[in-house]
Amino acid sequence: MRAFKKTKRFEVFIEIEKSRILDRFFSYRCDDGNHELWLGRCYITLFVAQT
């Protein structure tokens, strides 16, 4: 399942996989306003626009 939402200030992308991709349950990474979160089978990306 995939979902995407875009506004003037942020973009959010959510994807749910059939099985866990990573060997651990939780992973988080932040790079220049782009936040990536793995939580089990769920992958969430949040991009915040720099104004």
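Excluded from the calculations below are hydrogen atoms, water molecules and symmetry mates; all remaining heavy atoms, backbone and side chain alike, are included. Please read all numbers here as calculations on a predicted model, not as lab measurements.
- For the atom pair OH of Tyr43 and CD of Glu17, the computed distance is 10.5 Å after rounding to the nearest 0.5 Å.
- In this structure, His35 NE2 and Phe10 CZ are separated by 12.5 Å, a value rounded to the nearest 0.5 Å.
- Annotation: the span from Cys42 atom SG to Met1 atom CE amounts to 7.5 Å, rounded to 0.5 Å.
- For the atom pair CG of Asp31 and CZ of Arg29, the computed distance is 6.5 Å after rounding to the nearest 0.5 Å.
- Looking at heavy atoms from C-beta onward, Asn34 lies in side-chain contact with Thr45 at the 4.5 angstrom threshold.
- Hydrophobic clustering keeps Ile16 apart from Ile44 (ILVMFWY residues linked when any side-chain heavy atoms are closer than 4.5 Å, directly or through intermediates).
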Please determine whether side chain to side chain contact (heavy atoms under 4.5 Å, CB included) holds for the pair Leu39 and Phe25, giving the CA-CA distance in whole Å, both sets of side-chain angles, and the decisive distance to 0.1 Å.
CA-CA 6 Å; Leu39 188 60; Phe25 182 76; 3.4 Å; yes
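- There is a path of hydrophobic side-chain contacts, each under 4.5 Å, that joins Phe4 to Trp38.
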Please determine whether salt bridge (charged side-chain N to carboxylate O under 4.0 Å, His left out) holds for the pair Arg2 and Glu15, giving the CA-CA distance in whole Å, both sets of side-chain angles, and the decisive distance to 0.1 Å.
CA-CA 4 Å; Arg2 294 181 181 183; Glu15 185 172 355; 3.5 Å; yes
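- Distance check: Lys5 NZ to Leu46 CG gives 13.5 Å after rounding to the nearest 0.5 Å.
- Note that OH of Tyr28 is 8.0 Å distant from CG of Leu37, once rounded to the nearest 0.5 Å.
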